[in-house]
Amino acid sequence: MTKKKETFEDMLKRLEQISHLLESENIGLDESLKLYEEGIILSKKCYAKLEEAELKITELKKQNEFNPE
Amino acid sequence: MVEKETHNALTVSEISSLIKQSLEDEFSNVSVVGEISNFKAHYSGHWYFTLKDASAQINCTMWKGLNSYVFFKPQDGMKVIISGRVTVYPPRGNYQIDIRSMKPAGEGELQAAFERLKKKLAAEGLFDEVYKKPIPEYPNRIGIVTAINGAAFQDMISVAKRRYPLLEIIIASSKVQGEGAAEEIALRIQELNKLPGIDLLIVGRGGGSLEDLWAFNEEIVARAIFNSSVPVISAVGHEIDFTISDFAADLRAPTPSAAMELATPDINEIFAFINEFPYTFAKNMDDIINVRFDKLNSIKNSYGFRTTRDLVKNRSQFLDNLFYKFDNTFSKKILKYRTEAELLSKHLESFDTNRILKKGFALVKQKDKFIKRAAELDASGKMIIKFFDNEITLN
């Protein structure tokens, strides 16, 4: 498994996926327990990330200074 | 004669010069209304076209420094009012109008230009639904093309802060009206497309007059939006303002603030979802467990198990029936045996008489009855005397 940096989007998507899986009927009991645990951990991580989030603004400098000529 | 005439005659240059002087003095400041045709924007930045009406036409030039003040890109067929001066160019023997300023002959002209471009781009498929890219649900980086000092940008920032502070915003500032605005907007869209990791672009500006918003009705902007590989939300002016950019974009937002709302998920909803997870999913786990209980019960009651159980039930019933039958037959038999026993015992009783007879007593029988007293005897009737060994009948 690649240790790629997990984005908030990835985590939230996974959480949503877990939520759908847990709502589906054909899921094994053992698997659902594992998913539940993963979900709890993920929701804590997401929460922390949201709490400390701060909007980042970067200005893209004009690469080729615009000139109609 | 010839010499004199020659002496009085003007050279071509002389007459040209006189014409030039005369025309340029007479028409140093004219205002002309006409329809543009053969419009050419030269690479140098100068504009060349013909201004015409039903029965005449005149060549026109507009130099680069001046045409940059024209807020729209002229199109063939557009009716404009120009002001300028007539110039004569002797080497070619022609005249033209050197244009100082140009404006549409009315708001209707802009509307018509808008419709023409819209029709043209629509025919090319630039507005087709099939090309519309989906807007990402959770964007990481949003590129914005607008004026960094504009109110629209500040509005978008405050919406982003409130709704989704996880966001990174890359602002590619651009002029949004006037000289070269359309070209710069298009260029900034292209530049943002070259940056890695941009999920979405918002291209727009705040409200203004039709003239102010015109850059977003230019073909070059529409094409840059259409060619963007990153999805684009167009956000120009107010709710009521529709621009060509709106049609070319993947999504139209009524205002820049609305664009940021459309671009971002609401952090409060995410909080709610995350906070609820332990509760809803504890409940889900309950459900999952209950479902298993139900399943267990339904298996217990399933046909397979039921038939086995019924089999046992049926056998037991069969046994009950059997017992009942046995019982019935036995009691009948018992009854029968009892009757037989009774008969037998009567028979046995009779053996007692035999014993007496053996000793030498005799019994008198008349009309099948044993006579027990002399008074019962009919002495004249038929009678049977029973001895041990035999019976004698007396008549």
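Computed from heavy atoms alone, side chains included, the values below leave out hydrogens, waters and symmetry copies. Note that this is a predicted model, so its numbers are computed, not measured.
- Between A:L55 and B:I157 the shortest heavy-atom distance is CD2-O, 3.8 Å.
- For B:K175, the NZ atom is densely surrounded, since the number of other residues' heavy atoms within 6.0 Å is greater than 12.
- Interatomic distance, B:I289 CD1 to A:S32 OG, rounded to the nearest 0.5 Å: 7.5 Å.
- Between A:F8 and B:Y138, the gap from one ring centroid to the other reaches at least 6.0 Å.
- The local environment of CD in A:E16 is crowded, with over 12 non-hydrogen atoms from other residues, nucleotides or ligands closer than 6.0 Å.
- In the displayed structure, B:Y48 atom OH is contacted under 6.0 Å by more than 12 heavy atoms of other residues, nucleotides or ligands.
- Proximity to chain B involves both the backbone and the side chain of A:L33, based on heavy atoms less than 4.5 angstrom apart.
- The number of heavy-atom neighbours closer than 6.0 Å to NZ of A:K13, taken from other residues, nucleotides and ligands shown, is above 12.
- Per-residue heavy-atom pair counts under 4.5 Å with chain B were compared for A:L42, A:I18, A:L15, A:L35, and the maximum is reached by A:L15.
- Contact check for A:K56 versus B:I169: no side-chain heavy atoms found under the 4.5 Å cut-off.
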Under the criterion side-chain contact (heavy atoms from CB on, under 4.5 Å), I'd like the reasoning laid out for B:K161 against A:E54: C-alpha separation, chi angles, the key distance, then a yes or no. CA-CA 8 Å; B:K161 264 184 189 149; A:E54 209 175 315; over 6 Å; no
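- Contact of B:Y164 with chain A is made through backbone and side chain together, with heavy-atom distances under 4.5 Å.
- Taken to the nearest 0.5 Å, the SG atom of A:C46 stands 4.5 Å off from the CD1 atom of B:I274.
- Between A:T58 and B:I171 there is no side-chain heavy-atom pair separated by less than 4.5 Å.
- Considering all non-hydrogen atoms of both residues, B:L195 and A:L60 come closest at CD1-CD1, 3.9 Å.
- Other residues, nucleotides and ligands contribute over 12 non-hydrogen atoms within 6.0 Å of the NZ atom of B:K133.
- Rounding to the nearest 0.5 Å gives a distance of 4.5 Å between OG of A:S19 and CZ of B:F273.
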Between A:I57 and B:F153, is a side-chain contact (heavy atoms from CB on, under 4.5 Å) present by the stated rule, with each step listed? CA-CA 11 Å; A:I57 302 170; B:F153 182 58; 4.2 Å; yes
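- Note: B:I170 leads B:I170, B:I144, B:I148 in heavy-atom pairs under 4.5 Å with chain A.
- Atom CG of B:L166 sits about 9.0 Å away from atom CD of A:E52, to the nearest 0.5 Å.
- Using a 4.5 Å cut-off between heavy atoms, A:E51 touches chain B through backbone and side chain atoms alike.
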